[in-house]
Every structure is written in structure tokens, then in C-alpha cells.
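Residue numbers begin at 1 in each chain, while the letters A, B, ... track the order of the sequences.
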Amino acid sequence: MVSSRNFSNSAIAKLLKNIAVVYKLKKTQPFKMIAYEKAAAVIEQTNLDLHILWKNNKLTSLPGIGQGIANHLDELFRTNKVKYFERLLKPYPQAMFSLIEISGIGPKTAFKLCQKFNLNNPKTAVKQLEKLIKQKKISKIKGFSQESEENIQENINQFKQKKDRLSIYQAFALSKQIINHLKQSPHIIQIEPLGSLRRQASTIGDIDIAVITKQPKKALDYLLKYPQIKKIINQGISKASIITFNNIQIDIRFQSPDTFGSLLQHFTGSKSHNIQLRQLAQEKNLSLSEYGIKDKQGKLKKFSSEEKLYQALGLDWIPPQLREARGEIKAAQSHKLPNLINLKDIKGDFHVHTNYFLQSSHDSGVDSFEVLIKKAHQLNYQYIGFADHNPSISRHSSQQIIDILKSRKQEIEKIKYSNEKNVKIRVLNLLEVDIRPDGSLAVPDKGLDQLDFAIASIHSSFHQDKATITNRLLNALKHPKIKILGHPSGRIINHRPSIKPDWDKIFDFCQKNNKFLEINAYPSRLDLPDSLIQQAVKYKVKFIINTDAHAVDQMDFMPYGIAVAKRGWLESKNVINTLPWNKLKGILSLT
DNA sequence: GCCGTTTTCGGCCCGACTGTTTTCAGTCG
């Protein structure tokens, strides 16, 4: 057996995208182009490792991957190349695939530029292009003007400044700014943030805003007065795109009130959800767009509400968080959509850091037990868990750690129950314990004995190989005092990738041993990610949504955790901190 | 190349904006 390099999903997606580009240029088989584009998109989005699917002979289980592409990928994994792809790609300059990364440059333009100026090196193509622009050579060729030349340079500048995707937290703040601006226009009836913001994705690329108006031209004029505009990408009476000084693209759509339902649906997306919905309409001999549904005769039916629009296609209304083409349309057809968890279902938070001084090696919280408990009362919680980081092992002996936890226990015992206005809150003595690189816990057993139970988390050595890190997690989880795996993937959005254990093994172990997966609501974590939640649900694992608050206001992060849970299709029955204390305590073997 | 509660053949999502096209191609979402 020839050993193969383990091609990453993103590398394969890129390869298939390039094949699609070639088919676009060839013009001969437009539907092959669509097929390759679709396959690339599916691979980009899935959390299943293609290499593993290939090993298990399951590549075609992905929608959009048929026997044809599966055969090509088989060749790729066996021999590190695909002869058919190489033959297709050969006549085209590699530099082309770098240029299409620039907004406004598509396959045709990229190919033209590469041919005309003999650009071959994908690594230097963009630089060379900039040089040609400086020499004003682009505007001299047919199909380009001085204006389009300048435009390309602006788009290159934008490309070079391309920032990370925004966290949902940042995106909400930024969307509020422009919404506040638009609200002042007398011609605007309603403003809604849509797109990935409405779907509550964990990260947001562009901000999408829908504007309901009867006078789109006036609404557009008002939009263009927004002081944060750095560049206008396009402007029309039905849509406009701008880039703000902090390099965020904002897309705005203007539409009249009678088509509000259609606009909401269309602009919420996702793209792949919309495509599936339109295919469904087509099967019914209808045509769906942002304006409504056209029948065969071309007569348009308008929708003022989203519910009616979905209904017209024979579907239950689909919550925005589910609109990612992950089976929601089929579920809506057969009335099997999940009854998603809601913020009001949450009855407590087990991952709150306090200012109790226990000399941990990670950040401690800034607020006192009392302040945090008061907040828990405000949130109508029935319980709160104080889960500070363990005392640092480098600066303490085992005995010192045990002593620190004994004193802390005495402090928490004093407030084990908090009564306020006759509402009783149970206060739990927890700890967030480091899982050391060898899988041992950073607290000795006699220290753990002081606790009600503990959360185990990885805070170091994130890059261990699959087998090592899997065993490391399992070893930590098997300790009877460990009930929760904290921020399981360890990712920090835009900063640190997920660890890569054998998740199936972890999920299976958790289900069989009464261990719970945390959904960490801290906006830069949002961990487990939604795709892994969906994978875990298959094992019937139970979850707990915690904020990981290090300050009292951060206990308000819970909605972000709920958003992730919804995107993972979770119902309240999947999440243990929706249970009242008298039921939860049994599950946790507490009294 | 993919896919199927009208199909293993015959289809394949829909529309806006830009530029230089006098009727449309390219790009984007």
C-alpha cells in the first residue's frame, strides 16, 4: 500500500475549486463546473475528515460527492496526485489561481491578465500585478479602463488588509452602529441585521443589513452619508455594499414592506440553504427569489412573513440557526425540526471564575462570591458553580494545593445556599482542573476530594498527535470527580485551532460514563463548535452550557452559548443545566 | 459530475450591479 500524504479538507476544497475555475474558462461543460464548485463547498464546510472518510470508503456519503469525484480523490490519497486534474490544469498558468483571490477578479479576468503579461508564479502574481498597475499597463489592454485599473489596485489593498472574521460579539456591536445611523432616516421603516448574524454563526465575515423602505433611492442616499464609509463597492436602488474604515464589508438591501418575508428569508441565507430551497421550489414547478415565488406563468406571489413563505413550499418555519443545508429542509418537510433550546430554559451556570485567591497559573476572576451570587439571582438561576483554575502546580506542593482547596471549601460551605427574596440558590464548590500533557490531573486526589466535582480542561500542549491527545482526554475524564470536559476543542476563534482527538471515542466515553461536554459561551471560544455538537448528539451525549465568566458581566454571555447549541440542533433535554436543582443533583450524584 | 416521493436520463438557483457590451458578460452574494 502506497502511503499517502494526509491532504487536508481545505487543500482538497481548493483543488476542486480550481478545477471548477478551469471548467468555467472552458465553457464546454458548465454543469461540471457547478458540480465541482458544490463539492468544494461541501468539503469546506464539513467537519468530517476526508482522509478518514476515504479510508472507510465513505466519500460518497457527502452530498455532492459522487462516484466520479470519489474516484479522483481515491487516486489523490493513494498516489498524491490526480492525473485527470493535472491534465486539466496544465494549460493554465498557476498564477491565475492567486489572482482570483482578489475581489472583482474572476476566472476570465485572471486568465486574461496572466496570458497578456505572462504571469506564471502563483507566489508573486499579485506583486507583479501591482507593478503592472503602477506602470499603467493594465489600462492599455482591451476590456480595461483607467478606472478599472485603479479599482484593481484598491481591491488588492483591501485583500492585503483582509482581517480575521469577526466574532459574533464584535459583529453585533458594529451592526448596531450602522443601524443607529439608518434609524435616523425618515424614509426607512424597519432595519434588520440578517445573514450570518441572524443565523448566529460563531464568526461573521460581512455584516448584512435589510432595510424596509418605500423610497429606496432616499434610503440609499441616507446610507451613503454614513460617516464610517471608506469605500463604496456598489450602489443601486435594491442593494449596496460598502467597506468601513475598520475594513468590514457591509451589504445592505432595500426592499418594500410587502415582500418583507421573502427578503428576510433570502438575505438570512445561508447560500447553500437558499440553493436547496430553490431546488425544492423548482421541483414544484415554482421559482423562488428574494421577491417571492413565481409560478409557471410567471405570476409572482409575495410574502410579508417568513412563516407563510416556508409554508407555501410545504415546510415548517425553520429557525435561522439551522439554515446551513444540514438536513433542515427535509426535517421541515416531515415536521421533524427540533424544538430548540432557549435562553429561558437555563437554570444555572457551572463555570464561573471568582476572585478567591488560590494562586492559579491562569487568569482568576475579578468578582467576589457575593457579587456573582447576586447576579445569579438576577438571572433567576437555581444554582451556580464556582470553578476557579487550580492552584499552580509549579509553585505549590501537593500538600499546599490540598490545604488551599480545604480553606476554599470552608469559605464556600458558609454560603452553600443563598437566599434572596425567598429564592434559594445552590452554590457549588467546583474547580477547573488542568489536564496535564500526560493526561494526569493538576490536582491530587485529596484535593479533588474537597470539591463537589470538577471540570477538566486542556490549557497546554494542544498539538499532540491524535492517539496521544485522545488518551490524554480519556485518562482525565475517567476520574470519578471529573464530570465536565471544559471547552473541549480548546480553540480560540481566529487565534488557535481545535485540538484533534478521535472525537468519536471521546463522545462514546462521555455517554457511557456520565460525563458532560461543555458548550463554553465565552465569545472567543464558543466551544464545542456547532459541527462537533451535531457529531456528539449522535452518541446521545449530554451537554452543559457555561459562560466561563471571569467577571460578573460576563455571566451575560449565556445567549452566545445558546446560539451555538441551537446551531447544533440541541433541545433543552440535551442540556443538563436546563434541569431544576432537585433533578440535576441526582445526575451529578450530589445531595 | 451529481442526483431522483413525477426521472438511471435529463435536468442543474436567482437576481443585482458594473462597465463599455448598443443587448451583454463578468462578478458577486
Just checking [X]: base, sugar-phosphate only, or nothing, at a heavy-atom cut-off of under 4.0 Å?
{"X": "A/Tyr84", "answer": "sugar-phosphate"}
{"X": "A/Ile19", "answer": "nothing"}
{"X": "A/Ile102", "answer": "sugar-phosphate"}
{"X": "A/Tyr36", "answer": "sugar-phosphate"}
{"X": "A/Gln29", "answer": "nothing"}
{"X": "A/Glu283", "answer": "base"}
{"X": "A/Thr109", "answer": "sugar-phosphate"}
{"X": "A/Leu277", "answer": "nothing"}
{"X": "A/Gln333", "answer": "nothing"}
{"X": "A/His72", "answer": "sugar-phosphate"}
{"X": "A/Lys330", "answer": "nothing"}
{"X": "A/Lys32", "answer": "base"}

Which whole number of Å gives the distance between the [atom1] atom of [N] and that of [M]?
{"N": "B/dT8", "M": "B/dG1", "atom1": "C1'", "answer": "14 Å"}
{"N": "B/dC9", "M": "B/dC14", "atom1": "P", "answer": "25 Å"}
{"N": "B/dC3", "M": "B/dC13", "atom1": "C1'", "answer": "15 Å"}
{"N": "B/dA16", "M": "B/dG11", "atom1": "C1'", "answer": "26 Å"}
{"N": "B/dT6", "M": "B/dC2", "atom1": "P", "answer": "23 Å"}
{"N": "B/dT20", "M": "B/dG15", "atom1": "P", "answer": "26 Å"}

Name the closest nucleotide to the [X] side chain, picking from [options].
{"X": "A/Ile69", "options": "B/dG26, B/dC2, B/dC13", "result": "B/dC2"}
{"X": "A/Phe31", "options": "B/dC12, B/dT27, B/dC14", "result": "B/dC12"}
{"X": "A/Pro63", "options": "B/dC3, B/dA16, B/dT27", "result": "B/dC3"}
{"X": "A/Lys271", "options": "B/dC12, B/dG26, B/dG29", "result": "B/dG29"}
{"X": "A/Asn151", "options": "B/dC14, B/dA16, B/dG19", "result": "B/dG19"}
{"X": "A/Lys108", "options": "B/dG19, B/dC13, B/dT27", "result": "B/dT27"}
{"X": "A/Ile34", "options": "B/dC13, B/dG15, B/dG19", "result": "B/dC13"}
{"X": "A/Tyr291", "options": "B/dC13, B/dT27, B/dA16", "result": "B/dA16"}
{"X": "A/Asn234", "options": "B/dC13, B/dA16, B/dC17", "result": "B/dC17"}

> Of A/Pro107 and A/Lys142, whose closest DNA chain B nucleotide lies nearer the 5' terminus?
Replying inline: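 Closer to the 5' end of DNA chain B: A/Lys142.
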>> Nearest heavy atom decides the nucleotide; on that basis, is A/Gly143 or A/Lys284 closer to the 5' end of DNA chain B?
In response: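 Comparing both residues, the 5'-ward one is A/Lys284.
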Looking at [X] and [Y], does any basic side-chain N land under 4.0 Å from a carboxylate oxygen?
{"X": "A/Glu150", "Y": "A/Lys134", "result": "no"}
{"X": "A/Lys225", "Y": "A/Asp221", "result": "no"}
{"X": "A/Glu154", "Y": "A/Lys231", "result": "yes"}

>> Looking at A/Lys83, is its backbone amide N or carbonyl O close enough to the side chain of A/Glu75 to form a donor-acceptor pair, meaning the two atoms are under 3.5 Å apart?
In response: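 Yes, the answer is positive, given that a donor and an acceptor are paired below the 3.5 Å cut-off.
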> Would you find more than 12 non-hydrogen atoms of other residues, nucleotides or ligands less than 6.0 Å from A/Glu147 atom CD?
Replying inline: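 No, CD of A/Glu147 has 12 or fewer neighbouring heavy atoms, counting only those of other groups under 6.0 Å.
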>> Would you say that more than 12 heavy atoms from the other residues, nucleotides or ligands in this model lie under 6.0 Å from the NZ of A/Lys137, or not?
In response: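 Incorrect, the count does not exceed 12.
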>> As a test of the definition: with a 90° window around 0 for syn, would you call B/dT7 syn or anti?
In response: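 You should classify B/dT7 as syn.
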Report yes if at least one side-chain N or O of [X] is closer than 4.0 Å to OP1 or OP2 of [N]; otherwise report no.
{"X": "A/Gln249", "N": "B/dG29", "result": "yes"}
{"X": "A/Ser145", "N": "B/dG19", "result": "no"}
{"X": "A/Ser238", "N": "B/dG15", "result": "no"}

>> Checking base pairs now: Watson-Crick or wobble, both atom distances under 3.5 Å. What partners B/dT8?
In response: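 Its partner: none found.
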Side-chain donor/acceptor pairs under 3.5 Å, residues 92-107 of chain A, sequence neighbours excluded:
from, atom 1, to, atom 2, distance (Å)
A/Ser98, OG, A/Pro122, O, 2.7

